[in-house]
Amino acid sequence: MNIVDIIIKKREGNQLSNEEIAYFVKGVADGSLPDYQISAFLMAAFLKQMDAEETACLTMEMAQSGSMFDFSQVEGFKADKHSTGGVADTTTLILAPLVASTGVPVIKMSGRGLGFSGGTIDKLESIPGFDVNVSEKEAIEFAQNSNIVLMSQTDNLTPADKKLYALRDVTGTVDSIPLIAASIMSKKIAAGADGIVLDVKCGSGAFMQDLASAKTLASIMVEMGRHIGRKVTAVISGMDQPLGMNIGNSLEVIEAIEVLKGNVEGDLLEISLTLGAHMLLMAQRVESIEQGKYLLQHHIKNGMGLEKFRELLVQQGGNPAIIDDYSLLPLSTSKKTVFAQREGYLNKMNTALIGRASLETGAGRAYKEQPLDFGAGIIMKKRLGDFVKEGEPLAEIFASSDEKCTNAASYLQQAITIGEEKEPLPPLILKII
Ligand code: URA
């Protein structure tokens with residue numbers, strides 16, 4: 001077999017055989033293929049697409065390119081969750097302890113943020129002492145003791161995806177539905193969960209900007225789950241404004257704790273309850289989504305979710321005192337408030353630009369190795385549909401310098417559109433597949 005023939009075959013829009021895809025993935029994982037040929041393959045696949053059969057084969061080959069985790073020693077149905085990436089999307093820190101507190105084990109491997117989208121691992125690392133590096137053996141022990149593990153993807157989890165994602169990031173081939181589906185599902189399959197709830201984000205702050213492409217991506221991943229015998233549900237949810245009010249690592253940890261304390265309502269809570277309820281339904285812990293949401297809400301009221309979060313912190317070396325004293329978390333010292341420049345209704349938020357503003361504060365990464373400022377970020381003061389007076393605060397920015405605050409403020413001003421007439425609000429949950 002020859003890689004040039006495979007690239008040309010895809011370039012001409014033909015279906016690749018399983019053997020050809022396996023040959024490509026093996027060459028990616030063992031380092032025998034040079035970056036330029038991998039990149040050429042990725043561009044051909046981006047432009048000519050891959051059909052369902054090719055995507056399923058690519059996924060399984062990528063999943064098997066490294067360790068396949070086995071958590072069968074942990075009793076019970078292991079439910080996992082994955083978001084395709086958004087802004088102020090802190091749902092994992094809320095639903096993982098809530099779901100685990102009902103008796104359903106959650107062993108979740110998460111990633112770091114890149115571009116406009118934040119990452120759970122970065123948020124956890126903003127907690128002093130919290131160790132995200134957990135081995136398979138430790139994960140089993142932790143899950144047996146507490147039902148919850150939040151860990152970084154290990155080096156040997158889908159090495160082919162690591163290489164491919166890094167090259168996609170610099171070759172303009174990230175937003176390809178088959179490549180995203182294979183990237184996400186290969187990691188979830190290798191990570192060993194029995195069932196996966198996918199939060200497919202759709203809107204101005206997501207890879208999928210319209211409902212049709214979000215549905216296509218969701219359907220491919222759900223179908224793939226069916227083929228390989230894992231339960232998969234996809235919730236397509238709106239990303240036309242930041243999900244929560246806080247953007248940035250320690251700021252999002254604070255908002256998640258506030259939700260667990262029962263002090264915050266709104267979209268972030270609603271999505272966390274919906275995704276969590278689907279995890280409980282999959283695990284047959286409840287019989288309906290309504291019952292699942294009710295149970296999770298009950299575990300906010302009785303404090304069991306917050307206690308599970310505390311247990312998670314203690315287990316993985318994080319300082320549990322942050323729960324009662326947010327000043328123990330990092331917070332950048334330069335501050336700037338962004339004010340409304342006119343009166344009217346907040347009609348649009350370009351969420352990718354808000355993500356870009358967060359990147360300017362130092363809370364996000366423009367490239368993979370970029371160090372983060374855990375205490376940087378933005379607190380949004382308004383949501384879509386709100387009426388604002390001229391000069392009212394729209395957002396508060398935190399960064400390590402005034403210059404960073406000013407750069408972030410200019411992106412935020414561009415991102416927000418205020419109009420005279422109130423426009424209809426976009427739906428929060430668009431579809432469940
Ligand atoms: N998240 C992933 O894990 N992979 C992608 O390709 C896009 C989002």
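In each ligand, atom 1 is the first atom listed, and ligand 1 is the first ligand listed.
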> If we only count N/O pairs under 3.5 Å, is Lys187 in contact with ligand 1?
Replying inline: yes
> Any ion pair linking Arg383 and Asp267 (charged N to carboxylate O, less than 4.0 Å)?
Replying inline: yes
>> Polar contacts were defined as any N/O atom of the residue lying under 3.5 Å from an N/O atom of the ligand; does this apply to Tyr165 and ligand 1?
In response: no
>> As an exercise, identify every atom of ligand 1 less than 4.0 angstrom from a heavy atom of Phe207.
In response: 7 (C), 8 (C)
>> Looking at Lys293 and Glu290, is there a salt bridge between them, counting it only when a charged N and a carboxylate O are closer than 4.0 Å?
In response: no
> Less than 4.0 Å between a side-chain N and a carboxylate O, is that true for Asp5 and Lys9?
Replying inline: no
> Do the charged groups of Asp199 and Lys81 touch, with an N to O distance under 4.0 Å?
Replying inline: no
> Taking only heavy atoms of Ile184, which atoms of ligand 1 are found under 4.0 Å from at least one of them?
Replying inline: 1 (N), 2 (C), 3 (O), 4 (N)
> For ligand 1, which atoms have a heavy atom of Ser183 less than 4.0 angstrom away?
Replying inline: 2 (C), 3 (O), 4 (N), 5 (C), 6 (O)
> Do the numbers put Lys404 on top of the ring of Phe398, so that NZ or CZ is under 6.0 Å from the six-membered ring centre and no more than 45° off the axis?
Replying inline: no
